[in-house]
Amino acid sequence: MFTVRCDCGAEAEQDVGQAVRDGRLCWDSEFHCRACGAAACLGFDAGDAPPWVRGPLIAEHGTVRLRLADPDTGRIPILKTLLETWDLSLTQAMLLSEQLAGDGLPGTLPEAEWLREQLAARRVRTEIVPGAATDDADFPWATGC
Ligand SMILES: [Zn+2]
């Protein structure tokens with residue numbers, strides 16, 4: 001949640017959220033002004049969250065990293081999952097799989113939980129570990145596909 005300026009001049013609250021629903025990664029945002037009572041749904045959708053939703057979420061909650069429970073897990077099911085999930089080149093998918101096998105792929109907690117489910121469907125076991133303040137968590141989550 002963060003504060004925005006309402007049309008009435010008062011400070012209003014804007015909620016942003018991300019969650020896994022029915023196996024899909026979803027986001028939403030709502031606006032509510034205590035002063036004048038204005039309330040609005042600013043948007044919701046499935047898929048990658050837009051930057052104005054992800055930015056505040058990461059600012060408030062930070063990032064996590066998703067990594068392989070066993071770094072020696074075969075790469076083929078991982079690459080298949082990544083290529084089905086995003087519009088990636090094979091090179092990009094291989095880089096991501098190396099991140100998953102190494103320190104972990106940074107993202108928001110709901111994003112990591114969602115990708116964890118996708119990988120689990122191919123029997124790839126992963127774990128979610130704390131992220132770092134320096135994580136650049138935009139790719140591949142905010143590629144706009
Ligand atoms: Zn207002």
Side-chain angles (χ1 to χ4, degrees), residues 1-69 71 73 77-145:
M1 188 165 74
F2 56 104
T3 303
V4 292
R5 182 71 62 184
C6 176
D7 286 343
C8 77
E11 286 197 337
E13 291 167 355
Q14 186 170 335
D15 267 323
V16 288
Q18 233 184 349
V20 180
R21 291 191 199 103
D22 299 329
R24 302 183 77 191
L25 183 64
C26 302
W27 60 270
D28 61 29
S29 179
E30 284 174 10
F31 166 87
H32 178 72
C33 176
R34 287 179 200 276
C36 71
C41 175
L42 298 178
F44 62 94
D45 207 349
D48 296 335
W52 59 270
V53 170
R54 287 185 92 243
L57 274 177
I58 290 174
E60 188 171 347
H61 301 291
T63 58
V64 297
R65 292 184 187 181
L66 183 71
R67 70 180 184 197
L68 298 182
T73 305
I78 301 171
L79 291 173
K80 279 186 175 171
T81 305
L82 294 171
L83 290 169
E84 278 175 10
T85 302
W86 290 287
D87 185 16
L88 300 171
S89 69
L90 188 57
T91 308
Q92 288 174 315
M94 287 173 74
L95 282 173
L96 290 177
S97 74
E98 290 313 309
Q99 265 188 295
L100 285 164
D103 290 341
L105 176 64
T108 67
L109 179 59
E111 287 167 348
E113 286 175 340
W114 176 78
L115 185 58
R116 187 180 195 188
E117 281 183 23
Q118 311 306 306
L119 289 164
R122 292 194 189 269
R123 299 177 184 276
V124 176
R125 290 195 312 117
T126 54
E127 57 190 10
I128 294 172
V129 296
T134 52
D135 279 346
D136 176 6
D138 279 355
F139 184 77
W141 309 104
T143 49
C145 57

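All figures in this text were calculated on a predicted structure; none of them were measured in a lab. Both ligands and their constituent atoms are indexed starting at 1 by order of listing. All residue numbers in this chain count up from 1 along the given sequence.
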| Using a distance-only test with no angle check, is there a side-chain donor-acceptor pair under 3.5 angstrom linking Thr85 and Gln118? | no
| Is there side-chain contact between Trp114 and Trp141, with at least one heavy-atom pair below 4.5 Å? | yes
| Can you tell if the side chain of Gln18 reaches within under 4.5 Å of the side chain of His61, non-hydrogen atoms only? |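 SC-SC contact between Gln18 and His61 ruled out.
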| Are more than 12 heavy atoms from other residues, nucleotides or ligands located less than 6.0 Å from atom CZ of Arg34? |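 No, CZ of Arg34 has 12 or fewer neighbouring heavy atoms, counting only those of other groups under 6.0 Å.
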| task | With rounding to the nearest 0.5 Å, note down the distance linking CG in Leu79 to CG in Leu96. | result |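 Those atoms lie 9.5 Å apart.
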| Are the charged groups of Arg54 and Asp138 less than 4.0 angstrom apart, N to O? |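 Answer for the salt bridge query: yes.
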| query | Are there any protein N/O/S atoms under 2.8 Å from the Zn ion (ligand 1), and if so, which? | reply |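 Sorted hits: Cys6 SG, Cys8 SG, Cys33 SG, Cys36 SG.
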